Amino acid sequence: MSSTNRTRSNIPNTALAGTFTCAWCGLTVSNAAGDGTRRNHCPSCLHSQHVLDHVEGGLSACQGRMSAISVAVLRTGDWMVIHRCVRCDELTSSPICADDNQLILMRMAVRPLAQPPFPLEAFGDL
């Protein structure tokens with residue numbers, strides 16, 4: 001889910017329930033994060049489910065698993081989890097929650113530095 005405001009009428013009934021089951025690790029997760037914000041991903045593995053169509057709006061027929069692939073930092077300093085649907089490849093972002101797995105967040109944040117797309121030996125010639 002993006003961080004834009006949504007009315008109660010266009011949020012799926014499964015998202016309005018008090019909990020959901022993670023599509024990846026099976027953890028039962030509360031929709032309310034520890035800091036009181038609304039959550040749409042598992043705090044343990046950061047996976048989500050493709051329930052909203054972010055391109056056309058409304059419910060998504062896909063229902064695929066959304067895999068956490070990266071993090072992004074907004075100009076405001078807020079961190080976002082970037083998800084990709086394993087079925088349709090749609091990309092979405094959602095704000096991180098205070099109780100999200102910090103190890104996974106940091107692992108995703110440093111991955112571009114740990115695995116650059118070019119050989120590090122090239123810096124030795126500079």
Side-chain angles (χ1 to χ4, degrees):
M1 249 166 70
S2 74
S3 60
T4 58
N5 292 333
R6 287 190 164 61
T7 61
R8 194 170 170 88
S9 62
N10 66 356
I11 298 174
N13 288 338
T14 55
L16 293 175
T19 61
F20 64 91
T21 302
C22 177
W24 180 252
C25 70
L27 183 69
T28 301
V29 179
S30 171
N31 281 337
D35 58 0
T37 59
R38 184 175 174 80
R39 133 178 358 270
N40 74 337
H41 59 270
C42 176
S44 179
C45 68
L46 304 182
H47 284 74
S48 184
Q49 188 171 5
H50 194 176
V51 293
L52 296 175
D53 187 332
H54 296 279
V55 176
E56 297 179 15
L59 298 178
S60 173
C62 178
Q63 299 296 310
R65 180 175 46 87
M66 301 289 283
S67 192
I69 60 167
S70 184
V71 294
V73 181
L74 304 178
R75 291 179 187 196
T76 61
D78 295 332
W79 282 41
M80 304 290 281
V81 178
I82 309 301
H83 290 101
R84 175 182 287 138
C85 181
V86 298
R87 283 192 186 160
C88 70
D89 286 333
E90 183 174 326
L91 293 173
T92 63
S93 64
S94 63
I96 67 162
C97 299
D99 56 349
D100 283 346
N101 186 323
Q102 295 174 358
L103 180 62
I104 294 175
L105 289 169
M106 290 307 294
R107 190 181 308 151
M108 286 191 299
V110 301
R111 185 180 302 145
L113 298 174
Q115 300 170 343
F118 50 83
L120 291 176
E121 293 80 25
F123 286 113
D125 297 335
L126 296 178

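Sequential numbering from 1 along the given sequence is applied to the chain's residues. Atom set for the values below is all heavy atoms of this structure, side chains included, hydrogens, waters and symmetry mates excluded. Because the structure is predicted, anything quoted here is derived from the model rather than measured.
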Any Val29 side-chain heavy atom under 4.5 Å of Pro43 side chain: yes
Transitive ILVMFWY side-chain link Leu91 to Val86, under 4.5 Å: no
Atom pair CD1/OG of Ile69 and Ser67 - distance to nearest 0.5 Å: 7.5 Å
Any side-chain heavy-atom pair of Asp100 and Arg39 under 4.5 Å: yes
Parallel, tilted or perpendicular: ring planes of His41 versus His83, cut at 30 and 60 degrees: tilted
Ser48 OG to Arg84 CZ distance, which is reported to the nearest 0.5 Å: 15.0 Å
Arg38 CZ to Asn31 CG distance, which is reported to the nearest 0.5 Å: 5.5 Å
Distance, nearest 0.5 Å, that separates CG of Leu46 from OG of Ser70: 11.5 Å
Closest non-hydrogen atom pair between Cys62 and Arg87, with its separation: O-NH1, 2.6 Å
With Met80, the side chain to side chain contact (heavy atoms under 4.5 Å, CB included) member among Val73, Leu74, Thr92: Leu74
From His47 atom NE2 to Leu27 atom CG, the distance as rounded to the nearest 0.5 Å: 13.0 Å
Joint cluster assignment, Ile104 & Trp79, ILVMFWY side-chain distance < 4.5 Å: yes
Separation between OG of Ser94 and CG of Asn40, rounded to the nearest 0.5 Å: 4.0 Å
Heavy-atom pair with the smallest gap, counting every atom of Cys45 and Trp24: SG-CD1, 3.8 Å
Check against side chain to side chain contact (heavy atoms under 4.5 Å, CB included), Cys42 and Cys25: CA-CA 9 Å; Cys42 176; Cys25 70; 3.7 Å; yes
Pairs flagged by ring pair (Phe, Tyr, Trp, His ring centres under 6.0 Å) wherever residues 91-121 is involved - sequence neighbours left out: Phe118-Phe123
Considering all heavy atoms, the nearest Met66-Glu90 contact: CE-O, 3.9 Å
